[in-house]
Enquirer: 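Sharing a structure with you now.
Atoms within each ligand, like the ligands themselves, are counted from 1 in listed order. Computation of the quantities below employed the complete heavy-atom set of this structure, encompassing side-chain atoms and omitting hydrogens, waters and symmetry-equivalent molecules.
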Amino acid sequence: MSQSGHKLTSIDTLLTEEREFKPTAKFQAQANANDQEIYEKATSNPEAFWERYARELVWRKPWDKVLDWNPPDSKWFVGGKLNITESCLDVHIKTDARNKAALIWEGEPGDKRTLTYWDLYREVCRFANALKSLGVKKGDRVALYMPMIPELVIAVLSCARIGAIHSVVFGGFSAEALSERINDAEAKVLITADGGYRRGQIVQLKHDADEALKDCPSIEHVVVVKRGNFPIHFQENRDHWWHRLIDEADFNCPAEEMDSEDPLYILYTSGTTGKPKGIMHTIAGYLVGVYATTKLVFDLKPNDCYWCTADIGWVTGHSYIVYGPLSNGATQVMYEGAPNWPDPDRVWKIVENHGVTVFYTAPTAIRAFMKWGEKWTVKHDLSSLRLLGTVGEPINPEAWMWYHKHIGGEKCPIVDTWWQTETGHIMIAPLPGLITTKPGSATQPFPSIKAAILDDDGNEVEHGGGYLAILEPWPGMLRTIWGDHDRYIETYWSKWKNIYFPGDGAKIDKDSYYWILGRIDDVINVAGHRLSTMEIESALVDHNSVVESAVVGITHELKGQGIVAFVTVGGDIRTSPELVDILKAHVVKKIGALARPEQIIFAHDLPKTRSGKIMRRLLRDIASGSVLGDVTTLADPTVVEELKRKYEED
Ligand code: 7RM
């Protein structure tokens with residue numbers, strides 16, 4: 001049901017984007033996927049498609065059956081035995097990759113470390129033994145609250161090596177958020193650090209962890225990495241220095257044999273309401289999914305230098321920093337700090353210094369780069385780049401074009417990848433050697449993935465907008481919400497029968513391309529028309545003075561809802577009442593009078609989650625004069641306070 005109470009069938013789509021970018025013959029010739037047949041074959045036999053990639057990985061015992069589908073419960077590679085770290089580490093130290101860089105790490109202050117596959121293997125074995133010495137066993141939960149340092153990758157893999165279930169909690173979360181997650185998973189050990197660096201400041205991880213642990217009875221031990229020289233409180237018997245523990249630990253740690261369907265990790269996602277959901281993934285299907293998507297979508301080759309800018313505290317880091325790239329034997333860059341520290345060209349400096357070839361980031365970061373301006377990108381030689389990716393939100397066509405031109409030098413394919421914490425791996429994205437891209441579209445489902453646009457009754461929308469749906473199971477799908485299988489069924493499987501409901505709106509065009517329109521909860525209803533925030537925002541961003549925008553609906557006497565647009569302008573643009581009129585007219589010109597904003601509010605910044613997604617819910621509260629809802633997941637709480645003040649003045 002919509003906010004105004006009508007029954008909804010579809011979303012009206014207004015914006016049209018005609019630009020197209022074909023893969024070059026040169027790119028196609030070298031691509032990991034360069035035969036269109038891959039799609040047809042995968043559609044006609046999805047299980048055989050995944051099996052092919054499963055065979056490229058390390059198994060102790062092969063599976064008896066690829067899929068056991070008992071809706072909404074799936075089991076993949078049934079009967080298989082493996083340890084995921086053997087596909088990420090052991091396999092590479094037996095090949096030429098043994099002495100190749102696995103992680104090229106840079107700390108925010110400028111310190112650097114490089115770990116080869118051999119180094120990483122040894123460190124993982126040592127720390128796995130250290131965890132064992134603390135009594136951690138197969139099936140135990142271990143919480144991680146760490147900065148983006150190599151020890152975070154090592155700790156994740158060490159858990160997997162001994163069959164413990166990791167639960168990474170983003171280092172920017174509060175003590176309260178940490179304790180809630182530790183308690184839900186009943187974690188036995190917490191791994192943290194004295195601190196980390198962000199914008200030149202010290203993030204007091206151990207201090208916050210101590211706060212959190214006042215209320216966490218399940219925690220028996222805490223391991224602390226010494227990242228800096230930060231004074232911390234140390235509790236004898238409970239707390240252990242990482243470096244002391246590994247000093248005493250053996251370098252040899254045989255991997256625990258696990259079942260395909262044993263849990264690998266829990267990762268919490270905070271929805272708009274209720275407590276965070278512990279999304280649970282199992283081992284084999286997830287591994288096969290991240291391995292194949294990394295190989296085909298990012299087109300990784302042994303000599304690539306890959307960089308995903310996400311934090312490992314988010315699923316993007318789990319799948320496309322830890323398990324996907326390492327199972328592919330990739331060399332990757334990892335960076336600890338802020339993208340604009342000490343200057344807005346830090347990211348481009350890293351790309352140039354390390355010769356990054358494949359770069360994966362979020363639209364929110366791209367819009368920030370746009371705002372900071374090209375003077376920072378032209379300072380660096382970005383010619384090593386050959387493929388770009390985006391994830392996390394719909395990318396506005398103008399941001400896509402900017403990325404294409406100023407970062408990709410008009411020669412790099414862009415892979416816009418739609419997926420979720422729940423899906424585990426990429427679900428809709430172009431294969432860069434095969435698919436013509438269109439700015440703002442995630443293009444086509446990954447081979448074998450069966451997506452559709454449905455209406456409320458589950459009827460397929462053939463052209464136009466509606467709810468995105470996934471019709472068949474896929475290997476990396478979540479298996480449950482930790483401790484709450486009913487909520488799993490209720491949240492994802494009760495909208496239609498045996499069909500997965502991701503909660504996003506999307507439209508499909510004449511070429512069967514998918515355009516993700518954002519979260520269903522954000523859809524605006526103007527005079528009976530359902531408008532996606534994404535299209536109005538993209539119309540605003542299309543104007544050359546605007547770099548970012550968020551639109552929300554507020555109650556309107558006549559129309560049901562009226563549109564309020566929050567707008568951030570480029571670094572050198574002055575705002576004025578004239579600009580308000582110009583922007584309103586621009587939206588009307590781009591998509592029609594229906595989408596004309598009632599109000600435009602200029603904002604320095606928009607409220608975002610710590611992973612960079614715009615929180616329209618809070619803007620709705622501001623625009624409708626309501627009491628602000630939950631602000632605990634905001635990256636910067638001062639942003640809403642300022643906007644609230646500003647809105648009240650306007
Ligand atoms: C990977 C990740 C999931 C939600 C998802 C969408 C949005 C993600 C795209 C996107 C448009 C994309 N996991 N989303 N990728 N929207 N185009 N390429 O972000 O669990 O944190 O978020 O993010 O709404 O449902 S997540």
Enquirer: Is the F21 to W400 ring centre distance short of 6.0 Å?
Expert: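 Yes, close enough.
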
Enquirer: Could you pull out, from R519, E393, K613, M427, the option with a heavy atom nearest to atom 16 (N) of ligand 1?
Expert: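 Result: the heavy atom closest to atom 16 (N) of ligand 1 is in E393.
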
Enquirer: List the atom of V461, the atom of I508, and the distance in Å for their closest heavy-atom pair.
Expert: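 Smallest interatomic distance, heavy atoms only, reads O-CG2, 3.7 Å.
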
Enquirer: Which residue owns the protein heavy atom closest to atom 3 (C) of ligand 1, what's the atom, and how far is it?
Expert: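 Scanning the protein heavy atoms, the shortest distance from atom 3 (C) of ligand 1 goes to W419 O, 3.7 Å.
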
Enquirer: Which ligand 1 atoms does V391 reach within 4.0 Å, using its non-hydrogen atoms?
Expert: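 Selected atoms, number and element: 1 (C), 15 (N).
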
Enquirer: Do the ring centers of H318 and Y265 come within less than 6.0 Å of each other?
Expert: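 When the ring centroids of H318 and Y265 are compared, they turn out to be within the sub-6.0 Å range.
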
Enquirer: Answer yes or no: does atom NZ of K411 have more than 12 heavy-atom neighbours from other residues, nucleotides or ligands under 6.0 Å?
Expert: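 Above 12, so yes.
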
Enquirer: Looking at Y492 versus F501, is the centre-to-centre ring distance below 6.0 Å?
Expert: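 No.
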
Enquirer: Quick one: does T390 get an N or O within less than 3.5 Å of an N or O on ligand 1?
Expert: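 No - when backbone and side-chain N and O of T390 are compared with those of ligand 1, no distance drops under 3.5 Å.
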
Enquirer: Should you measure from each heavy atom of V315, which atoms of ligand 1 turn up under 4.0 Å away?
Expert: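 Taking each heavy atom of V315 in turn, ligand 1 has 1 (C), 13 (N) under 4.0 Å.
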
Enquirer: Are Y488 and W482, when compared by the centres of their aromatic rings, separated by less than 6.0 Å?
Expert: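 No: the rings miss the under 6.0 Å criterion.
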
Enquirer: May I ask you to test the E20-D511 pair for a side-chain heavy-atom distance under 4.5 Å?
Expert: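 With C-beta onward as the side chain, the pair touches.
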
Enquirer: Does the N or O separation between T421 and ligand 1 drop below 3.5 Å for any pair?
Expert: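 N/O-N/O distance below 3.5 Å exists for this pair.
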
Enquirer: For the residue pair F170 and W314, is the inter-centroid distance of their aromatic rings smaller than 6.0 Å?
Expert: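 That pair passes the under 6.0 Å test.
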
Enquirer: Report the member of D416, V415, D504 with the shortest heavy-atom distance to atom 18 (N) of ligand 1.
Expert: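 Nearest option to atom 18 (N) of ligand 1, by heavy atoms: D416.
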
Enquirer: Below 4.0 angstrom from a heavy atom of T417, which ligand 1 atoms are there? Numbered from 1 as shown, please.
Expert: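 Counting atoms of ligand 1 from 1, those under 4.0 Å from T417 are 9 (C), 12 (C), 15 (N), 18 (N).
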
Enquirer: Report yes if T316 has an N/O atom closer than 3.5 Å to an N/O atom of ligand 1; otherwise report no.
Expert: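 No, since none of the N or O atoms of T316 sits under 3.5 Å from an N or O of ligand 1.
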
Enquirer: Measure the distances from the heavy atoms of W314 to every atom of ligand 1 and state whether one is below 4.0 angstrom.
Expert: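 No, W314 has no heavy atom closer than 4.0 Å to ligand 1.
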
Enquirer: For atom 7 (C) of ligand 1, which candidate among A442, G505, G392 holds the nearest heavy atom?
Expert: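 Considering heavy atoms of A442, G505, G392, the nearest to atom 7 (C) of ligand 1 sits in G392.
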
